[in-house]
Visitor: 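Quick one: structure below, then a few questions.
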Amino acid sequence: MAFGRSSRKKQYVEPVTLKILVAGGFGVGKTTLVGAVSEIRPLRTEEILSEAGRPVDDLHGVEAKKTTTVAMDFGRITLREDLVLYLFGTPGQDRFWFLWDELAQGALGAVVLADTRRLEDSFAAIDYFERRGIPFTVAVNCFEGAQRFPAESVRGALDLDPEVELVMCDARDRESVKNVLVAVVQHALVLADQSHSTVAP
């Protein structure tokens, strides 16, 4: 008999990896959200806003913004020992939307980050995920200086379907962002279970 060594070895659990998109309008805080929660140094594809882009970049409400994502943001977070999320932040400007189809391939679900100053900028992302049947959760970024509205008022303004969850968050706060990601995963898994049960013999 061997002493000093446990006879039971800890079993290695191969983690399930899931892909989550982070979408929303220009300047809403997608890069900040990915950076706040990622356990690795986030990959960012930001470029300085130029004078040439001024005619097409709507800076209303985000006048202090100096950079923009031109391809994607990428980060990773381990929610549990057996569950890892890969986060892909989409570019918010219209001229980069052609990248969304590539980024959306294989995604379990998405976060649509919303800014109450520019709620209309969320419509494109909401429509995109609705058309493609990708489960999503709307997260209202409650940063300093943003006007606060009741959740039901925001739901009405965005014309969300009843099954779409809406949560308040701070894109700078790790725990707040983790709660949003948990809500996305839970929502997507519930919908997946429902779709399997409807096709089961």
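Starting from 1, each residue takes its place in the sequence as its number.
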Visitor: Just verifying a value: how many Å separate T90 OG1 and E102 CD, rounded to the nearest 0.5 Å?
Guide: 14.0 Å
Visitor: Considering non-hydrogen atoms only, spot the tightest contact between L119 and A157 and give its length.
Guide: CD1-CB, 3.9 Å
Visitor: With side chains defined as the heavy atoms from C-beta onward, is the minimum distance between L85 and L79 less than 4.5 Å?
Guide: yes
Visitor: Can you tell me how far apart CD (Q105) and CZ (R132) are? Round to the nearest 0.5 Å.
Guide: 11.0 Å
Visitor: Closest heavy-atom contact between A139 and V180?
Guide: CB-CG1, 3.9 Å
Visitor: Decide yes or no for V167 and T137: does some side-chain heavy atom of the first lie under 4.5 Å from some side-chain heavy atom of the second?
Guide: yes
Visitor: If only atom types and distance count, is the side chain of D82 paired as donor or acceptor with the main-chain N or O of P15 below 3.5 Å?
Guide: no
Visitor: Can you find a heavy atom in the side chain of V84 that is under 4.5 Å from one in the side chain of I77?
Guide: no
Visitor: Give me the atom names and distance for the closest heavy-atom approach of F136 to E130.
Guide: CE2-CG, 3.8 Å
Visitor: In the structure I gave you, are the side-chain heavy atoms of I40 and F74 within less than 4.5 Å of one another anywhere?
Guide: yes
Visitor: side-chain contact (heavy atoms from CB on, under 4.5 Å) between L21 and V112: does it pass, once the steps are laid out?
Guide: CA-CA 8 Å; L21 299 186; V112 176; over 6 Å; no
Visitor: Could you check whether any side-chain N or O of S38 sits under 3.5 Å from a backbone N or O of R76, counting only pairs where one atom can act as donor and the other as acceptor?
Guide: yes
Visitor: So, for A114 and S122, which heavy atoms are closest and what is the spacing to 0.1 Å?
Guide: CB-OG, 3.5 Å
Visitor: Any side-chain to backbone donor/acceptor pair from E165 onto V138? Under 3.5 Å, distance only.
Guide: no
Visitor: State, yes or no, whether a side-chain contact exists between T116 and R148 at a heavy-atom distance under 4.5 Å.
Guide: no
Visitor: Under 3.5 Å, is there a donor-acceptor pair between the side chain of K178 and the main chain of D173?
Guide: no
Visitor: Run the numbers on K19 and L108 for side-chain contact (heavy atoms from CB on, under 4.5 Å), then give the verdict.
Guide: CA-CA 6 Å; K19 180 179 183 180; L108 172 79; 5.9 Å; no
Visitor: Mind running side-chain hydrogen bond (donor to acceptor under 3.5 Å, both in side chains) on T31 and D73 for me, showing each step along the way?
Guide: CA-CA 6 Å; T31 298; D73 298 310; 2.6 Å; yes
Visitor: Is it true that atom CZ of R41 has more than 12 heavy atoms of other residues, nucleotides or ligands lying nearer than 6.0 Å?
Guide: no
Visitor: What's the shortest heavy-atom distance between F129 and A110, and which atoms?
Guide: CZ-CB, 3.5 Å
Visitor: Out of curiosity, E175 CD to C169 SG, how far, rounded to the nearest 0.5 Å?
Guide: 13.0 Å
Visitor: Can you confirm whether N141 sits close enough to T32 that some side-chain heavy atom of one is under 4.5 Å from a side-chain heavy atom of the other?
Guide: no
Visitor: Measure the CG-CG distance between L166 and L158 for me, rounded to the nearest 0.5 Å.
Guide: 7.0 Å
Visitor: Mind listing the closest non-hydrogen atom pair of E163 and H187 along with its distance?
Guide: O-CE1, 3.0 Å
Visitor: Is the shortest side-chain heavy-atom distance between D170 and C142 below 4.5 Å?
Guide: no
Visitor: When hydrophobic residues are tied together by side-chain contacts of less than 4.5 Å, even through go-betweens, does V182 share a cluster with L189?
Guide: yes
Visitor: Could you walk me through whether V28 and D121 satisfy the side-chain contact (heavy atoms from CB on, under 4.5 Å) test, starting with their C-alpha distance in whole Å, then the side-chain angles of each, then the deciding distance to 0.1 Å, before giving a yes or no?
Guide: CA-CA 9 Å; V28 76; D121 290 355; over 6 Å; no
Visitor: Does V190 belong to the same Ile/Leu/Val/Met/Phe/Trp/Tyr cluster as L83, with side-chain heavy atoms less than 4.5 Å apart forming each link?
Guide: no
Visitor: If only atom types and distance count, is the side chain of W100 paired as donor or acceptor with the main-chain N or O of A23 below 3.5 Å?
Guide: no
Visitor: Are Y86 and T17 close enough, and set up right, to give a side-chain contact (heavy atoms from CB on, under 4.5 Å), and what steps lead you there?
Guide: CA-CA 7 Å; Y86 290 124; T17 57; 3.7 Å; yes
Visitor: Please check: side-chain N/O of R155 versus main-chain N/O of D161, any donor-acceptor pairing under 3.5 Å?
Guide: yes
